[in-house]
Amino acid sequence: MPELPEVETIARNLRHGHPRETSPAEHSYRVREPRAEYVTAPPSAIPVVGKTITGAQVFWPRTLAEPDENSFYHQIIGQQIEEVGRRAKYLILHLSEQKLIIHLRMSGDIIITPLTEPLAPHDRLTLTLDDQYRLAFNDTRKFGRVWLMDDPTPLFAGLGPEPFSDEFTPEWLHAALQKKNRQLKPLLLDQTFLAGLGNIYTDESLHRAGLHPLTPSALVSETQAARLRDTIREVLSDGIRHNGSSIDWVYRGGGFQNYFRVYGRGDEPCLTCGTPITRMVVGQRGTHFCPQCQPLG
DNA sequence: CACGAGACCTGTTCGC
DNA sequence: TGCGAACAGGTCTCGT
């Protein structure tokens, strides 16, 4: 589920609590009704910085990638949450002694509730906080993973650059695309090439850049690469500004789904030219593009 | 190196 | 109504 903007939103929520999306209805299409209980604020929007972990519980063993369960309990209890960060799609809780790394994969979410609330159906790992709140890693599909480590550097070693870093320049992107001989869509999804893009934001970036998802990377011109770099940053910024995307049953307060131009809009008219959006499968992922605005070759 | 298929999982939606 | 297939924001591994 979550891509860079959603993970960034959760990190900010856990750090500060964050103002909610008060989405104006103007560009709204495909609007889904948010779950009534979350209309004011999603449960991830409660700050946890400064709180101390007084208990922990693992309900689905595979969720905990490292260390083993007993060591996890022994090590994490007593540590304070000092800061919350993000690298690629990883959420990072900086604890007083170690780092707690969380990858939400397809269906993960972080939910903060008072201890008096019952556990949610898909809570896989929970932390008890000293102010009588509970931080739950909730993950319907069980793909998510959690690591408690002294130094997470090895986990991040293979990742490509952050899209908002100084390293991600038009020149870097053009050169990097030249070095590969791959289709753009799967290449942009490859976290070792560039960190943070997922299926939604890749499709949206390529549409705004006017590039076909199957374009061979080595054929992208300098001008096109520069444009693509800008649209990637633009789409991610828009996503963050709207607190990420909320689709299907996972609602965490974001509203960027109301601004999708191609994702999930197969057969609907392109908002630029009116041509029906095409949906095809590329690398086993649903891929959406406008055949008019994003010609191949 | 590039690419496709299969795994890992549960839940929703759609067609018959 | 029931039931199977397709599909879902991600990533890893294996075979060609």
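These values consider heavy atoms only, across backbone and side chains, with no hydrogens, waters or symmetry-generated copies.
Comparing the P positions of C:dG9 and B:dC14 gives an interatomic distance of 16 Å, to the nearest angstrom. A gap of 22 Å separates the P atoms of B:dC9 and C:dG4, to the nearest Å. As rounded to the nearest Å, C:dA6 and B:dA5 have P atoms that lie 14 Å from one another. B:dC3 sits 22 Å from C:dA8 when the C1' atoms are compared, rounded to a whole Å. Rounded to a whole angstrom, the distance from the C1' atom of C:dT11 to that of B:dT12 is 23 Å. A distance of about 24 Å separates the C1' atoms of C:dC3 and B:dC8, rounded to the whole Å.
Between A:Leu173 and A:Thr169 the shortest side-chain heavy-atom distance does not fall below 4.5 Å.
The A:Arg182 side chain lies nearest to B:dC3 when the options are B:dC9, B:dC3, C:dG10. Listed candidates were B:dC8, B:dA2, C:dT11. Nearest to the side chain of A:Arg62 is B:dC8. Taking every side-chain heavy atom of A:Lys180 into account, B:dA2 is the closest of B:dA2, B:dT10, C:dG9. For A:Asn199, counting side-chain heavy atoms from C-beta on, the closest listed nucleotide (B:dC3, B:dC9, C:dG9) is C:dG9. Here the side chain of A:Arg279 is nearest to one of C:dC7, B:dT10, C:dG10, namely C:dC7. The side chain of A:Glu3 sits closest to C:dG9 out of C:dG9, B:dC9, B:dA2. Relative to the side chain of A:Arg285, the nucleotides B:dT10, C:dT11, B:dC3 differ in distance, and C:dT11 lies closest.
Within the structure, every side-chain polar atom (N or O) of A:Tyr201 is placed at least 4.0 Å from both OP1 and OP2 of C:dG9. The phosphate of B:dC8 (OP1 or OP2) has no side-chain N or O of A:Lys142 nearer than 4.0 angstrom. Applying the 4.0 Å criterion to OP1 and OP2 of C:dG9, one finds that A:Lys89 has every side-chain N and O outside that range. Residue A:His103 places none of its side-chain N or O atoms closer than 4.0 Å to OP1 or OP2 of C:dG10. Checking the phosphate oxygens (OP1, OP2) of C:dG10, no side-chain nitrogen or oxygen of A:Gln191 falls inside 4.0 Å. Distances shorter than 4.0 Å separate some side-chain N or O of A:His122 from OP1 or OP2 on B:dG11.
The nearest whole Å value for the distance from the CG atom in A:Asp203 to the C1' atom in C:dA8 is 14 Å. The interatomic distance linking A:Leu214 (CG) with B:dG4 (C1') rounds to 14 Å, in whole Å. Note: CZ (A:Phe256) to C1' (C:dG9) measures 13 Å, nearest angstrom. We find that CG of A:Asp190 is positioned 14 Å from P of C:dT13, with the value rounded to whole Å. A:Ile247 has its CD1 atom 15 Å from the P atom of B:dT12, to the nearest Å. For the pair A:Tyr263 OH and C:dG10 C1', the computed distance is 12 Å after rounding to whole Å. Straight-line distance from the CZ atom of A:Arg105 to the P atom of B:dG11: 19 Å, rounded to whole Å. Going from atom CZ of A:Arg141 over to atom C1' of B:dC8 covers 9 Å, rounded to whole Å.
Ionic pairing of A:Asp238 and A:Arg241 is present here: one or more N-O contacts between side-chain nitrogen and carboxylate oxygen are shorter than 4.0 angstrom. A salt bridge between A:Lys89 and A:Glu3 is absent, with no side-chain N of the basic residue lying under 4.0 Å from a carboxylate O of the acidic one.
A side-chain donor from one of A:Ser71 and A:Asp68 sits under 3.5 Å from a side-chain acceptor of the other. A side-chain N or O of A:Tyr201 and one of A:Glu6 form a donor-acceptor pair less than 3.5 Å apart.
Remark: ring of A:Phe143 not stacked against base of B:dC9; the cut-offs of centroid gap under 5.5 Å and plane tilt under 30° are not jointly satisfied.
In terms of position on DNA chain B, the residue among A:Lys179 and A:Gln284 whose nearest nucleotide sits closer to the 5' end is A:Lys179.
Using cut-offs of 30° and 60° on the angle between ring planes, the pair A:Phe256 and A:Phe260 is perpendicular.
For the pair A:Lys180 and A:Phe193, the cation does not sit on the ring face, since its NZ or CZ is not both under 6.0 Å from the ring centre and inside 45° of the axis.
Using a 4.0 Å heavy-atom cutoff across all strands shown, A:Asn181 reaches sugar-phosphate atoms only and no base atom.
C:dG9 is unpaired under the Watson-Crick or G-U wobble criterion, no partner having all donor-acceptor distances under 3.5 Å. Of all nucleotides present, none satisfies the Watson-Crick or G-U wobble test against B:dC9 with each distance under 3.5 Å.
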